[in-house]
Amino acid sequence: MAGQEFAEGFRFPPGFLWGAATAAHQVEGDNRASDWWAAEESGRLPHRSGRACDHLRRYEADFDLARAFGHNAHRLSLEWSRLEPEPGVRDEAAFGHYERVLEALRARGLEPVVTLHHFTAPRWFAERGGWLAADALDRFAAHVDAVVERFGSQIRWWITVNEPTVLAKHGWVTGDWPPFVRGRWDLAFRVIHRLCTAHRRAYRCIHARVPDALVSFAHSIPWIEPCDPSRTLDRLAARLRTIFLVDWCFDRVRESGRRLLDYVAVNYYTRSIVRWRPRGRALLFGVDCHEPHHGPRLFDDLDQELWPEGLLQVLRRCARLGLPVLVTENGIATTDDGLRLAHLRGHLEALARALGEGVELRGYLHWSLMDNFEWAKGTTARFGLAATDFATLERRPRPAMRLLAEVARTGRLAPTGSEVTSA
Ligand code: IFM
């Protein structure tokens, strides 16, 4: 993607949001009242989050780090299970904690981008049937209302729920996340539907109290293409996967003919190349394939392909919804600094190209500020701009963090090869 186009570098628009994204359970530590903590304790998950990155106590130092590296925005989630550890019981200490967290962000010039549900829920919510329980939507709506009542005036950018399709797939199809149900696409789609409905209710609730809020849900959008574009069935598999795992959510958030979205929150990681498989569980969406005619492909430690061109394609596609776009996650699981740098550089170029084509892109939040607790993979998958030493909890900025800092500070993506990446 590099080359001529960026020979002179690229200027990002003023006010562009630069930063990193995190989620409470993955960084805070001691998330004891959550369903994930309960599942970890039960031994059904291979890893325990424990103190994670101890961000609960170290958030100020972490925000200092973000600011020192040029960030002007930060995505975080407010942990529902801390705020409402028992049904209907609001924990004032937890509300006070997040009050201080939001103040700490503001004091450092970091625009908060706040997620209300990022995979974890209170243990009591899960025990009553989680997202499939009859009163699930009312419970979540009441929680959202309490949060908006308290913090509404301090937050402009909201994300209601994170990655409905990912949560549903892991929880009800592959079964490696709570509630550990396998092979139930029917339930997975009910869960996705419910999460989209939860989004709509949260959207209305936030706007009732904060009319100028910007509200979205974060959608995991891979770039999906057919294995062999000349084969009708491969094209059909790619099309069906796109319809069900990407477009369906955008349709579910419609109400009275309009989408309840103020912007599109895109989590982009990878490309899926899909081949039709006439029998078996993956009938509808085909299977991922790796074939020689695709040439050499680079994969990260979670077997996700590094494919910056896909971000450009996804941004073009989202722009067709007629809304501004914010990249709310993008990153790579690797310990290879060179690969991480190439990944970041490639994706920054994709942003530049999208802006050059007129996509209304508002910002870029990298996943993640530091290595953290990567769900069922524990701390084995390293996504951080800063490396975390899980013995000492020291954060050590990586070269990619310096590249992002340079672009964020100058607003300019320099031509390939001229970026500052040394200490
Ligand atoms: O760590 C996750 C995050 O919680 C949701 N999006 C993908 C990330 C990397 O796998």
Side-chain angles (χ1 to χ4, degrees), residues 19-29 31 34-37 39-40 45-49 52-53 55 62 74-81 113-121 159-171 174 176-178 191-192 195 199 216-223 245-246 249 264-272 288 299-307 310-311 314 326-335 339-340 343-344 347 364-388 390 400:
T22 59
H25 189 74
Q26 296 179 265
V27 294
E28 287 181 346
N31 191 19
S34 70
D35 56 344
W36 263 80
W37 187 276
E40 288 163 24
L45 284 162
H47 302 275
R48 290 182 179 204
S49 50
C53 305
H55 179 72
D62 287 334
H74 183 74
R75 179 176 169 209
L76 72 160
S77 69
L78 308 185
E79 178 60 39
W80 181 7
S81 60
V113 177
V114 172
T115 313
L116 292 164
H117 183 271
H118 194 121
F119 297 158
T120 51
I159 293 174
T160 53
V161 291
N162 184 66
E163 298 181 347
T165 53
V166 174
L167 179 61
K169 184 176 142 202
H170 283 286
T174 54
D176 52 338
W177 289 8
V191 170
I192 296 170
L195 290 167
H199 162 81
S216 192
F217 72 97
H219 203 1
S220 174
I221 312 184
W223 178 246
L245 297 184
V246 181
C249 283
V264 187
V266 174
N267 292 0
Y268 172 78
Y269 285 88
T270 193
R271 159 170 80 160
S272 305
D288 290 314
F299 292 87
D300 75 0
D301 294 348
L302 293 182
D303 216 20
Q304 306 203 97
E305 187 184 6
L306 188 164
W307 184 248
L311 176 58
V314 164
L326 177 66
V327 176
T328 41
E329 285 185 32
N330 169 242
I332 180 169
T334 185
T335 48
L339 194 59
R340 191 184 308 281
H343 170 278
L344 181 60
H347 288 82
Y364 174 81
L365 304 174
H366 190 86
W367 185 271
S368 180
L369 183 60
M370 61 232 163
D371 296 336
N372 57 46
F373 181 76
E374 176 58 27
W375 307 111
K377 302 289 177 192
T379 54
T380 60
R382 303 296 178 116
F383 276 98
L385 287 170
T388 304
F390 287 98

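First listed ligand is number 1; within each ligand, the first listed atom is number 1. Bear in mind the structure is a predicted one, so any value in this text is a computation, not a measurement.
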### Message
How far is atom 2 (C) of ligand 1 from the closest protein heavy atom, and which atom is that?
### Response
Glu374 OE1, 3.6 Å
### Message
Taking the six-membered ring for Trp, are Trp177 and Phe119 closer than 6.0 Å centroid to centroid?
### Response
yes
### Query
Trp375 heavy atoms, cut-off 4.0 Å: which ligand 1 atoms fall inside?
1 (O), 2 (C), 3 (C), 4 (O)
### Task
Would you please say whether a donor-acceptor pair under 3.5 Å links the side chains of Asn267 and Thr328?
yes
### Query
Which residue, His170, His47, His25, forms the side-chain contact (heavy atoms from CB on, under 4.5 Å) with Trp375?
His25
### Query
At a 4.0 Å threshold, what atoms of ligand 1 neighbour a non-hydrogen atom of Glu163?
5 (C), 6 (N), 7 (C)
### Ligand-residue contact atoms, ligand 1 with Phe119, heavy atoms, under 4.0 Å
4 (O), 5 (C)
### Task
Answer with side chain, backbone, both or neither: which part of Asn162 has a heavy atom less than 4.0 angstrom from an atom of ligand 1?
side chain
### Query
Between atom CG of Leu76 and atom OG1 of Thr22, what is the distance when rounded to the nearest 0.5 Å?
5.5 Å
### Task
Could you tell me how the ring of His366 sits relative to the ring of His343: parallel (under 30°), tilted (30 to 60°) or perpendicular (over 60°)?
perpendicular
### Task
Could you list the atoms of ligand 1 found under 4.0 angstrom from a heavy atom of His118?
3 (C), 4 (O), 5 (C)
### Query
Of the protein's non-hydrogen atoms, which lies at the shortest distance from atom 6 (N) of ligand 1, and what is that distance?
Glu329 OE1, 2.5 Å
### Task
Using a strict 4.0 Å cut-off to heavy atoms of Tyr269, name the atoms of ligand 1 that fall inside it.
6 (N), 7 (C), 8 (C), 9 (C)
### Query
Which distance, rounded to the nearest 0.5 Å, do you find between the OH of Tyr268 and the CG of Leu311?
6.5 Å
